[in-house]
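Here the structure comes first, spelled out in structure tokens, and everything after it is commentary.
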Amino acid sequence: MYLNNKMLFSIHILADEEFDELCFEFGLELDEITSEKEILIREQGGEKAEGASDVVLYKIDVPANRYDLLCLEGLVRGLQVFKEKLEAPRYKRVSPADGGEPQRLVITEETASVRPHAVAAVLRNITFTQERYESFIELQEKLHQNICRKRTLVAIGTHDLDTISGPFTYTAKPPGEIRFKPLSQSREYTAAELMSLYKTDSHLRHYLHIIENEPLYPIIYDSNGIVLSMPPIINGDHSKISLNTKNIFIECTATDLTKAKITLDMVVTMFSVYCDEPFTVEEAEVVYPDGRLSVYPELAYRTETLSGDFINKRVGINESAESIAQLLTRMCLRSEVSGEGDLIQVEIPPTRADVIHACDIMEDAAIAYGFNNIVRSTPRTYTVANQLPVNKLTELLRQDLTAAGFTEALTFALCSEEDIADKLRKNITETRAVHISNPKTADFQVARTSLLPGLLKTIAANRKMPLPLKLFEISDVVLKDETKDVGARNNRRLCAVYYNKSPGFEVIHGLLDRVMQLLDVKPGRNQGYHIQASYLKIYFNDSTFFPGRCAEIFSCGKSIGHLGVLHPDVISRFELTMPCSAIDIDIEPFL
Amino acid sequence: MADNGLLESVLRLVEKVDGGTDSQDVAADLGVDHQVIVGAVKSLQALGEVISAEQKSSRHWELTGEGREIAEQGSHEARVFNAIPDEGLPQNQLMKMPSGKVGFSKAMSNKWIRLDKAHEGGPRVFKTVEAIEDTVRDKLQLVQKGQSAKLEDKEKNELKKRKLLSEVTVKSYWITKGSSFSTTITKQETELTPEMIASGSWKEKKFKPYNFEAMGVAPDCGHLHPLMKVRTQFRQIFLEMGFTEMPTNNFIESSFWNFDSLFQPQQHPARDQHDTFFISDPALAHEFPQDYLERVKKVHSEGGYGSQGYKYDWKIEEAQKNLLRTHTTAVSARMLYKLAQQEKFTPVKYFSIDRVFRNETLDATHLAEFHQIEGVVADYGLTLGNLMGILHQFFTKLGITKLRFKPAYNPYTEPSMEVFSYHEGLKKWVEVGNSGVFRPEMLLPMGLPEGVSVIAWGLSLERPTMIKYGINNIRELVGHKVNLQMVYDSPICRLDS
């Protein structure tokens with residue numbers, strides 16, 4: 001969001017450095033300092049920028065859970081309170097001034113299947129300016145993207161109350177039976193027509209899926225049958241707000257009631273500042289299908305009691321309860337020492353939905369104290385370090401494999417099905433591969449079941465290098481395994497390849513002998529290691545290798561892998577031209 | 001190699017002159033071809049500091065084949081003139097002479113001869129002057145004697161146009177005495193041999209000097225990958241600090257351990273298809289610690305442990321979904337849960353460095369998989385100040401001493417701090433890691449005692465490696481498109497220097 005100089009002035013800040021420092025301290029990210037003109041030049045070129053404003057703008061990123069800082073009104077208010085230039089306002093829910101009945105929104109049971117919740121409120125006698133109006137629209141959009149999870153959880157509708165009359169009905173109807181003139185259109189459409197109309201709308205098409213396949217669409221009517229909105233897609237044109245709107249009816253429909261309440265609280269707390277009676281919000285009643293009645297907005301203030309000692313011990317400071325209360329008050333958490341020991345009463349306002357535990361309060365005290373003012377100290381935790389055995393073995397083997405003349409590669413754990421199946425002349429169903437459901441490209445279809453494809457691709461990308469190429473990698477592959485809670489496990493493997501004008505089986509065989517020597521396993525049939533031709537495997541299973549040039553490796557009678565000369569088709573499928581031999585073994589038996 | 005006799009003759013000539021001599025002059029003096037002297041100079045150079053020879057090039061004029069013929073036999077026009085007797089010569093006979101055609105027209109334009117076309121018996125050529133001066137031949141002879149400087153440029157160019165002269169560049173050497181100049185040649189040995197050692201003959205031998213400017217022969221060896229070298233150093237640092245390595249060899253994780261156990265709500269954007277790789281086979285995890293799962297469900301949907309909770313409908317179906325872990329913190333959660341099941345709590349320090357996966361948009365610094373470095377400390381009464389203290393020690397071992405901390409947001413830590421270090425090169429603060437204190441809503445359902453705090457931090461392995469090795473595109477470092485030459489050439493990794 002962009003902040004200008006005028007607003008900075010209201011926080012009593014003049015220099016950029018000072019503002020940068022404040023943002024850092026408060027946990028905001030000052031992205032850049034720019035101007036409307038600069039932005040236009042960057043985005044649309046110099047011509048368009050002619051005559052644009054030179055006023056300095058500060059681009060700021062806000063933490064994802066601070067909905068109260070999403071608009072300028074809230075951000076400036078938060079910083080003013082932090083700098084003790086303003087006392088945090090108290091937001092109040094009021095009954096209609098004329099003593100009349102509050103506005104009422106009746107929910108019918110048809111909504112249960114599609115979008116069962118709704119909350120509402122009224123902002124009375126608001127005064128918009130162009131800037132305020134734009135900020136109001138922008139906040140709704142930001143909330144929609146943020147807490148409302150792209151309108152799936154909550155959708156906000158704001159209406160000129162003077163153009164409609166309650167009580168309002170929130171119901172759900174078959175799309176063919178809904179007909180109204182939507183915002184920015186000149187004629188009436190049925191809901192079904194709207195859905196196809198918005199298919200090409202760059203903004204609205206992203207929300208269609210939320211209700212598209214539902215038999216009933218949510219819809220809100222006033223007492224005269226005028227459509228207020230068809231949430232979460234579009235509002236009606238009839239009740240649209242403008243710069244001149246004085247009274248606003250706000251409804252939030254939702255699949256998550258908690259989020260709807262928070263969203264409504266945010267909109268009204270932020271913009272009630274422009275009402276004739278600032279920070280007051282007129283209540284609205286919501287009647288549920290079972291007759292239950294709730295009054296909104298909740299604007300709930302909650303009090304937590306915690307001790308100064310708790311804050312001091314968690315943060316690592318030594319402040320009096322009074323000064324901690326003062327720190328918290330600067331974070332919009334009005335606090336008082338209760339008088340009993342060092343207990344502090346902390347009031348959490350409706351704008352701070354992010355505060356759900358004492359630890360959130362503790363963090364605010366630490367922020368107000370200044371993270372960088374906290375004394376850094378070393379904990380006295382005494383522990384003895386241990387390496388993970390499989391990593392320890394890996395580290396030791398890597399060193400000796402390079403000493404044996406092989407260079408380490410580092411390849412991706414994700415690859416295409418083709419890499420581990422077709423290109424290795426294997427059937428994907430035999431690979432025990434773990435499949436990814438939402439890959440953006442074929443490079444992320446499966447977790448690798450072998451290190452070999454990665455090594456061969458590394459050679460293909462380095463064909464200009466002098467021969468021979470000798471590469472290895474010791475890393476994890478992933479295999480389905482029903483004995484594990486998630487149904488899959490990693491397997492640490494050692495793979496090496498030799499790529500030259502002749503296959504070099506003897507080189508790869510020599511590497512096996514060396515690895516076994518390093519692992520202190522002697523050659524031999526029973527307690528040692530040996531290799532043996534696996535004709536059956538060649539023809540029925542391990543077709544990655546050239547017939548008759550492949551052996552299975554046994555250690556202490558257990559099969560641990562293969563070595564051999566790669567099948568010419570495998571070589572060509574990886575876009576290679578020279579003979580190549582490879583070894584692939586499981587190193588976990590040696591732990 | 002040129003024979004020693006010639007070499008010594010060259011040396012004797014060099015000895016006679018002070019300030020050196022040109023190899024061309026040497027060739028002229030000794031009456032041998034210049035190329036032979038060039039060979040001799042090279043042989044002498046190989047003997048060490050006997051002579052010093054500096055290569056130079058000079059341009060000079062040389063006769064062409066035709067030019068040499070003319071210098072010997074006279075110009076074509078002179079030959080024509082001399083062939084004509086006083087009584088004249090029939091033109092057709094004159095034209096049959098080797099120089100006839102060219103000589104005739106040249107002699108005509110010089111007005112040395114005339115043609116009588118009407119002469120009886122056919123056209124006949126007569127001398128018009130008594131005697132001639134063959135200037136062309138004179139000029140060429142001057143050049144031949146090495147006195148081309150006596151000719152004017154215009155004259156030389158004219159002869160060049162007639163293809164009698166050509167300008168050539170000659171590379172020669174300026175030879176001066178070397179520091180160990182001598183007029184006698186001693187044969188130098190190239191290498192010490194076992195025989196020399198046995199016989200002691202090395203004492204009398206002279207050895208050819210080595211060229212220390214040349215590169216040595218590269219050793220025949222393998223190379224560790226730079227990212228793995230940096231990983232080794234980070235492991236070392238953690239081990240030095242007393243941290244135990246966590247078993248992170250499980251890329252496939254359930255949403256439960258990756259998100260729910262960390263108190264990350266089920267509607268959180270990170271759990272979106274756009275950010276996380278979900279697994280279609282095996283799609284679901286099927287085994288959870290049941291009572292712990294119930295506590296997690298409760299703290300999300302209703303709160304507890306002093307928390308308001310998120311107040312939403314927590315679904316086991318969402319928690320069961322398998323995924324490629326998005327952070328190694330999933331393993332930290334498993335480890336902390338395991339720790340909580342111990343009869344009596346003991347403090348721990350854990351670390352891991354392993355792969356994590358994000359279904360993100362890829363660019364020059366982001367891949368779908370990267371290595372996360374993570375440190376975790378659990379003990380009674382740990383403070384935010386302790387976290388900063390440990391981070392200070394950790395980063396000092398990386399050679400980073402100037403740190404500051406910025407408040408941040410992370411769903412499973414509170415407080416959360418981004419770690420910034422001052423970059424001397426960029427003259428600004430840059431983010432180097434993330435850290436925080438795990439939320440009670442994460443720890444208490446696991447069964448950890450109330451007073452235990454768990455502090456943690458994380459950073460990527462790729463970023464410090466790219467900075468360390470000056471790599472701008474991550475694809476040159478990680479994955480099969482790696483530049484192997486870079487791997488071969490990369491120095492050892494010492495993070496604090």
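Note on naming: letters A, B, ... go to the chains in the order of the sequence lines (proteins, then strands), and numbering restarts at 1 for each one.
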Rounded to the nearest 0.5 Å, what separates atom [atom1] in [X] from atom [atom2] in [Y]?
X: His480(B); Y: Cys415(A); atom1: NE2; atom2: SG; answer: 10.5 Å
X: Ile279(B); Y: Lys480(A); atom1: CD1; atom2: NZ; answer: 11.0 Å
X: Asn491(A); Y: Asn249(B); atom1: CG; atom2: CG; answer: 9.5 Å
X: Gln393(B); Y: Arg376(A); atom1: CD; atom2: CZ; answer: 12.0 Å
X: Asn65(A); Y: His268(B); atom1: CG; atom2: NE2; answer: 9.0 Å

Which bit of [X] is near chain A, if near means a heavy-atom gap under 4.5 Å: side chain, backbone, both or neither?
X: Glu369(B); answer: side chain
X: Val377(B); answer: side chain
X: Trp429(B); answer: neither
X: Leu391(B); answer: neither
X: Val437(B); answer: neither
X: His286(B); answer: both
X: Gln485(B); answer: both

Is chain B contacted by the side chain of [X], its backbone, both, or neither, given a heavy-atom distance below 4.5 Å?
X: Glu25(A); value: backbone
X: Glu304(A); value: side chain
X: Ala366(A); value: side chain
X: Gln387(A); value: both
X: Val384(A); value: backbone
X: Lys259(A); value: side chain
X: Leu471(A); value: side chain
X: Arg149(A); value: side chain
X: Asp256(A); value: side chain
X: Asn438(A); value: both
X: Leu456(A); value: neither
X: Leu153(A); value: side chain
X: Lys440(A); value: both
X: Val446(A); value: neither

Should [X] and [Y] count as side-chain neighbours, where that means a heavy-atom distance under 4.5 Å?
X: Leu382(B); Y: Thr381(A); value: yes
X: Val486(A); Y: Asn250(B); value: no
X: Val482(B); Y: Asn462(A); value: yes

Using the side chain to side chain contact (heavy atoms under 4.5 Å, CB included) rule, take His357(A) and Glu414(B) through it: C-alpha gap first, then chi angles, then the decisive distance, then the call.
-> CA-CA 10 Å; His357(A) 191 277; Glu414(B) 189 80 8; over 6 Å; no

Output yes when a side-chain donor or acceptor of Thr383(A) lies under 3.5 Å from a complementary backbone atom of Lys349(B), and no otherwise.
-> no

Between [X] and [Y], does any side-chain N to carboxylate O distance fall below 4.0 Å?
X: Glu245(B); Y: Lys392(A); answer: no
X: Asp360(A); Y: Arg439(B); answer: yes
X: Arg334(B); Y: Asp485(A); answer: yes

Can Tyr409(B) and Arg66(A) be said to form a side chain to side chain contact (heavy atoms under 4.5 Å, CB included), step by step?
-> CA-CA 9 Å; Tyr409(B) 169 66; Arg66(A) 292 296 299 272; over 6 Å; no

Should we say atom CD of Glu360(B) is surrounded by more than 12 heavy atoms from elsewhere, each under 6.0 Å from it?
-> yes

Counting heavy atoms not belonging to Lys428(B), are there more than 12 under 6.0 Å from its NZ?
-> no

Phe420(B) and Phe24(A) aromatic ring geometry - parallel, tilted or perpendicular at 30°/60° bounds = perpendicular

Minimal heavy-atom distance between Ser453(B) and Arg314(A), with the atoms involved, is OG-NH1, 3.7 Å

